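Note that the structure is predicted; figures quoted are calculated from it, not measured. Quick note on labels: first sequence line is chain A, next is B, and so on, each numbered from 1.
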There are 2 protein chains.
Amino acid sequence: MTDTTLGIAELAARIPFLLSQLGAYLADDFERRLAPIGVDPRAYAVLLALAECDGQSQRELSTQLGIHRNAMVTVIDTLEHQRLVQRLTHPQNRRAFAVTLTDKARDLLPALYEPIDALEDEITAGLSAEERAVLLKLLQRLSAGAGLIPGVHPRLG
Amino acid sequence: MTDTTLGIAELAARIPFLLSQLGAYLADDFERRLAPIGVDPRAYAVLLALAECDGQSQRELSTQLGIHRNAMVTVIDTLEHQRLVQRLTHPQNRRAFAVTLTDKARDLLPALYEPIDALEDEITAGLSAEERAVLLKLLQRLSAGAGLIPGVHPRLG
DNA sequence: TATTGTTATACTCTATAACTATA
DNA sequence: TATAGTTATAGAGTATAACAATA
């Protein structure tokens with residue numbers, strides 16, 4: 001007869017559970033490392049999106065990052081109070097703002113890259129360079145296979 | 001000179017981001033699959049813990065699963081209303097209850113095992129059996145290396 | 001005095017709708 | 001009529017402290 005009991009310990013041998021467990025742990029750790037800079041994950045995503053393409057409207061940021069436009073207002077408000085972005089007049093659309101990075105934000109960018117580097121080193125500390133490469137490829141295939149948008153985190157929306 | 005810009009797209013090549021992205025996606029999917037049965041992740045964890053060792057006290061469940069004792073009250077309340085557990089008198093401690101699975105809960109257990117099987121098949125659909133085995137081993141090593149408790153999800157607490 | 005379970009409260013977060021000004 | 005941004009509000013969820021009964 002088969003064992004019909006799935007215990008808590010057996011979850012540790014299931015890929016979906018391990019991914020969820022590790023993902024939650026890393027997300028919490030990431031948030032903690034970002035907190036001292038005064039940046040939360042949503043603000044982090046906005047700053048990175050602007051570093052890539054500055055002067056986007058709130059609507060463009062909302063669509064790209066999956067953050068609702070209502071929530072985006074608060075994110076930009078906070079970043080503006082922190083003097084990390086400015087709401088400039090949009091060249092093509094008087095309804096919209098061109099959300100623009102300040103010099104202070106550009107100075108801050110290197111510090112934003114540190115947590116993810118540190119996390120990657122820490123979490124893969126027990127792996128060889130080859131194993132890291134294998135893991136990266138497998139995770140990228142899973143992400144693509146699940147239809148997830150590259151670089152867009154489901155929990156931002 | 002080095003490229004000082006880390007864009008949103010570059011996150012898709014970072015192991016911590018991919019783990020967090022996949023983990024969040026799978027956790028949401030898992031919750032959705034469980035919802036029609038009327039069970040949320042915390043209730044799921046309690047039912048599995050009781051399937052492994054029935055008659056535990058709320059305190060024992062709290063300690064094992066990382067759920068606060070205050071929150072555990074509501075979880076057990078709901079399960080009791082659903083006639084999935086009973087609060088029986090504890091044989092050794094009159095302060096505590098022996099939380100016990102009902103026959104209805106035991107009938108429900110197989111349905112609780114389905115979502116995680118389905119998720120595992122779905123998420124690893126593009127992988128060979130060998131690749132699945134490699135991925136599983138790597139994830140287990142990451143989880144152990146990070147000091148995570150096997151089978152215990154950080155977000156339950 | 002510490003433990004088990006419970007309750008109440010305050011706080012955060014989120015989702016929704018409704019509003020303005022522009023297009 | 002639709003879009004960009006804003007505001008208000010209600011609901012869910014969470015964290016904390018305080019409480020009664022028992023050890």
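- A donor-acceptor pair is defined here as one N or O able to donate and one able to accept, closer than 3.5 Å; no such pair exists between the side chain of B:Gln86 and the backbone of B:Thr100.
- At distances below 3.5 Å, not a single donor-acceptor pair connects side-chain atoms of A:Ser20 with backbone N or O atoms of B:Ala27.
- Checked against C:dG5, C:dT3, D:dA4, the side chain of B:Arg59 finds its nearest nucleotide in C:dG5.
- Contact of B:Asn70 with D:dT14 (side chain to base): no donor-acceptor pair of N or O atoms is detected under 3.5 Å.
- Here D:dG5 is the nucleotide among C:dA23, D:dG5, C:dT6 with the atom lying nearest to any side-chain atom of A:Ala96.
- B:Arg155 comes within 4.0 angstrom of no nucleic acid atom, judged by non-hydrogen atoms across all strands.
- The nearest whole Å value for the distance from the CG atom in A:Leu61 to the C1' atom in D:dT3 is 16 Å.
- Atom CZ of A:Arg87 is separated from atom P of D:dA4 by 15 Å (rounded to the nearest Å).
- The main-chain N or O of B:Asp40 is never found under 3.5 Å from a side-chain atom of B:Glu31 such that the two would form a donor-acceptor pair.
- Of the two residues near DNA chain C, A:Asn93 and B:Ser57, the one whose nearest nucleotide lies more 5' is B:Ser57.
- Atoms NE2 (A:His90) and C1' (C:dA21) sit 16 Å apart, rounded to a whole Å.
- For A:His68, the side-chain atoms get nearest to C:dT16 when compared with the rest of C:dT3, C:dT16, C:dT6.
- A pairwise comparison of heavy atoms in A:Gly55 and A:Leu50 identifies N-CD2, 4.1 Å as the closest pair.
- Here the nucleotide nearest the side chain of B:Gln58, chosen from D:dT14, C:dT16, C:dG5, is C:dG5.
- When all heavy atoms of A:Gln140 and B:Ala13 are compared, the pair lying nearest together is NE2-CA, 3.6 Å.
- Side-chain proximity of B:Val73 to C:dG5, D:dG5, D:dA23: nearest is C:dG5.
- Looking at which nucleotide of DNA chain C each of A:Arg69 and A:Gln92 is closest to, the 5′-most match is held by A:Arg69.
- For A:Arg95, the side-chain atoms get nearest to D:dT3 when compared with the rest of D:dT3, D:dA23, D:dG5.
- Note on the helix from C:dT1-D:dA23 to C:dA23-D:dT1: terminal axis deviation equals 10°, with five pairs used at each end and the result rounded to 10°.
- Between B:Arg94 and D:dA20, a side-chain N or O to OP1/OP2 separation shorter than 4.0 Å is absent.
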